[in-house]
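Take a look at the structure set out below.
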Amino acid sequence: MSMLEVRAVSRWYGNVVAVNDVTMQIGPGVTGLLGPNGAGKTTLIAMMAGFLAPSAGTVTLDGEQVWHHPTAYRHLGLVPEREVSFGYLTARQFVRAKAELHGLSEVGRATERALEIVELDADAGRPIGTYSKGMRQRAKLASALVHDPSVLLLDEPFNGVDPRQRLHLMVLLSRMGQEGRTVLFSSHILEEVEQIARQVEVVVAGRHAASGDFGAIRRLMTDRPTRYRVRSNDDRALAALLMAQDFVRGVSLEPRGAVAVQVTDFGTFAHALPRLAREAGLTLLEVIPTDESLESVFTYLVSA
Amino acid sequence: MSSSPERRAVIHDIGYRTYDGPRLGTGSVATSLFTTGLLNAYGFGRSAKAKVLPLVVLAIMLVPAVILVAIMVVVGLGEGFIDYSTYATSLFLIISIFVAAQAPVLFSRDLRSGAIVLYLARPLSAAGFALVRWASLAVAILMFVMLPVLVLYAGALAAEADVSEQTGDLLVATAGIALLSAVLATLAGLVSALTLRRGLAVGAVVIALLVSTGFVAAVQSIAVVEGNEAVAVWAGLLSPFTLVDGVQSGLLGGTSSYPAAPETGVMAAVYLLTALAVIGTGLALLVRHYHRQGKR
Amino acid sequence: MNATITRLAARSLFGRRRGVLLVVLPFLLVALSMAVALLTEATSAVDPVTAVFGLGLVLPLVALLVSTGVIGPEIEDGSIVYLLATPVSRLSVAVSKQVVASVVTVVLGAGAVLTSALVLAPGSPGQALALGLGAVVAGLAYCGLFVALSALLRHGTVAGLIYVLVFEGLLASWLSGLRYLSVGSFGRRVAGALTDDLDLVVRDMSLVYGVVAALVFTVGGALVTAHRLRSFELRGDD
């Protein structure tokens with residue numbers, strides 16, 4: 001169980017600020033670091049991995065600074081976005097080299113274990129240069145896992161990986177999170193994050209825009225209308241009833257039956273809806289929040 | 001806004017729609033590629049960092065010329081003090097560095113990044129592309145070497161040297177420098193196109209230029225000590241600098257900077273033919289290489 | 001020293017086309033020496049061939065290609081993080097890489113210098129040994145300098161070339177004071193101390209200075225490289 005702490009960290013290049021006063025704590029489980037391209041995700045991960053000095057603030061792993069402390073790598077695994085230029089090595093040689101560099105006692109066994117975890121053991125005898133993107137990504141993951149780190153940092157791990165292998169990688173990351181490892185991965189694609197991480201850290205233009213469970217983040221933004229889809233036994237009557245309420249901004253009838261509602265105050269709506277339906281003698285069949293997907297959370301944060 | 005609805009409805013041509021206006025010909029494509037290449041060789045149109053090396057090396061190249069001119073003007077020396085035709089060869093190190101550092105800019109980057117495919121999808125053929133690139137590099141080298149020589153010439157005129165004599169010497173040097181630029185551009189371009197990694201390409205070009213010159217210098221000095229002039233002269237064919245120096249001194253009446261230069265007209269002709277053969281063969285190989293790249 | 005890093009560095013040198021280029025130069029030196037030895041009888045060729053061409057040009061260029069090869073590309077494309085994301089000490093990474101560069105330079109560069117001198121003057125093995133030893137000293141110092149240069153600069157190869165060609169080749173021959181900073185002159189000083197047959201133009205530099213200065217370049221290079229690796233920063237593309 002490891003805790004990665006980013007405290008009041010800023011990083012600037014000349015007069016360009018890449019990361020601006022970010023504070024976050026990454027604990028066990030899978031966390032998604034989300035943000036559009038150029039938001040500072042790579043810079044942030046580089047600082048967490050000890051490959052970039054923060055211009056201000058500190059990055060610590062279990063209380064110890066990462067920058068200038070190579071001993072931190074005993075507990076930390078990094079999967080950079082950069083490709084392996086050791087393409088002439090086989091995956092087995094590459095992972096084995098990492099095992100040796102970590103000074104593991106059972107190099108051979110650790111290597112095979114890591115290759116098995118990423119299911120690369122069958123192809124591990126081929127040079128990495130001949131691999132597909134997804135396989136190379138798994139080889140990098142195996143090399144980062146060989147010393148069984150408690151913290152795993154991945155920079156854009158799903159970039160350019162085909163859907164089948166992407167799914168495989170996602171399953172792997174979820175499993176590591178469940179095993180109690182602290183897994184942080186960056187992505188600019190929402191559905192990737194949504195599929196494996198409830199916990200997100202959102203960075204936009206170098207600033208820490210939001211943090212926590214993305215559903216909860218969404219509910220915090222009460223100044224924005226929230227959308228729901230409600231199905232009932234009489235949609236038109238329900239629509240008329242809802243339109244009369246203060247907390248409803250708009251109502252529309254969906255072509256396939258259901259009422260789309262935009263509410264300004266989600267709390268009041270959640271309490272009022274069952275009562276209103278009962279009083280009018282309407283039966284509610286289904287109530288679904290339609291924009292709690294990360295996509296909309298993200299759109300709000302970015303355009304805010 | 002009172003324009004009619006028809007006028008307001010417009011699909012803007014942002015390049016995806018069929019363009020049927022007048023087109024510039026292949027010549028314009030070549031000209032603009034040539035100019036861009038020439039500017040790129042000096043770092044213009046690239047990052048600020050890319051300008052440092054070529055301009056610093058150019059400055060180093062100019063320093064001796066400026067010092068010579070200063071001495072010439074102050075002391076009042078006019079005649080026989082400087083020799084345009086040996087300026088290039090005495091600074092062959094600087095020229096080699098410039099060529100080695102800048103040839104990969106024109107010949108390795110497109111091939112390494114794969115952008116070459118985009119270039120060759122344009123009306124310019126692979127052969128045309130290779131030749132235009134080569135011309136950019138050759139002219140860049142020509143300017144690099146000519147500039148200090150022109151400074152010397154201007155200095156000599158300012159010191160009131162004999163104009164017709166100086167001009168004649170300058171023309172000889174210009175012919176030599178032009179040939180040198182063509183030979184260097186051919187060799188460096190070919191080596192860079194074949195070695196894609198930048199650092200490696202720089203190393204390979206330097207080895208091709210300097211090691212051959214060092215090799216020839218060693219052979220010539222031994223052969224001259226041994227009294228074996230013929231071997232020394234034949235060895236001169238093996239390096240671009242001695243090769244062009246031989247043509248310049250043997251055919252054009254310039255001064256040689258090396259221990260052995262062709263004495264007879266026949267030998268000088270062999271030098272010239274070798275130089276032309278190097279350019280011809282090199283260009284043929286270069287064109288063939290680009291042709292293959294275009295097919296991938 | 002780390003055996004894994006050493007092994008990887010050696011593979012990166014000879015696993016690719018660069019390996020061919022490395023062998024070309026020493027081969028050229030030996031071939032030239034053989035040709036000269038066959039064509040002439042004079043042992044005077046040791047000076048222009050072995051000392052000037054070999055010690056002065058082939059050795060530094062071999063050292064440059066080898067040194068930039070072991071570290072330059074990995075720093076340039078950032079893949080050195082795979083080596084650095086481990087608890088191995090940075091000094092150990094630097095030393096391991098420099099050792100590989102030095103061994104290859106000594107075997108290929110100094111080896112070719114020694115062979116060249118033996119081929120040209122088989123009668124005086126002492127002189128050959130002196131030149132070979134001078135080449136070893138210079139080779140080690142060159143590797144220290146060039147590994148550090150390519151760790152520090154993106155265009156380490158060009159910087160190294162400028163050092164060898166402009167600084168040592170041009171400036172140091174005009175401004176004789178600069179020989180105190182020229183690695184080539186340390187090597188020639190050591191060679192000159194061991195043989196009287198050659199005029200190696202560094203008479204007035206003290207032998208102790210030459211040896212110590214070469215040592216400073218070798219050790220200093222490793223320290224600078226280690227320092228650079230300690231603060232290696234991974235830059236994103238954005």
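The chains referred to below are lettered A, B, ... by the order of the sequence lines, with proteins before strands, and numbering in each begins at 1.
For chain C, the nearby part of A/Ala46 is the side chain; its heavy atoms alone come within less than 4.5 Å.
Top candidate by heavy-atom pairs under 4.5 Å with chain C, chosen from A/Thr71, A/Leu76, A/Leu89, A/Leu78, is A/Leu89. Counting heavy-atom pairs closer than 4.5 Å to chain C, the top residue among A/His147, A/Arg96, A/Lys140 is A/Lys140. When C/Ser89, C/Ser92, C/Ser79 are compared by the number of non-hydrogen pairs under 4.5 Å with chain A, C/Ser79 comes out ahead. Residue with the most contacts toward chain A among C/Asn2, C/Leu8, C/Leu84: C/Leu84 (heavy-atom pairs, distance under 4.5 Å).
Minimum interatomic distance between C/Ser12 and A/Tyr88 (heavy atoms only, all atoms of both residues): CB-OH, 3.0 Å. Nearest heavy-atom pair across C/Tyr82 and A/Phe86 is CB-CE1, 4.2 Å. The nearest pair of heavy atoms linking C/Asp77 to A/Arg82 is O-CG, 3.0 Å. Residues A/His102 and C/Pro87 approach most closely at ND1-CD, 3.2 Å, considering heavy atoms. Closest approach of A/Leu52 and C/Leu234 over heavy atoms only: CD1-O, 4.3 Å. Considering every non-hydrogen atom in both A/Ala97 and C/Thr4, the closest pair reads O-CG2, 3.6 Å.
Residue C/Phe27 qualifies as open at atom CZ: its count of foreign heavy atoms under 6.0 Å is 12 or below.
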Discussion item. Before you tell me yes or no, could you show the steps for C/Ile80 and A/Phe51 under side chain to side chain contact (heavy atoms under 4.5 Å, CB included), namely the whole-Å CA-CA distance, both residues' side-chain angles and the distance that decides it to 0.1 Å?
Written reply: CA-CA 11 Å; C/Ile80 197 152; A/Phe51 283 114; over 6 Å; no
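Sorted by first and then second residue, the pairs that involve residues 219-232 of chain C and meet side-chain hydrogen bond (donor to acceptor under 3.5 Å, both in side chains), not counting sequence neighbours, are A/His68-C/Ser231.
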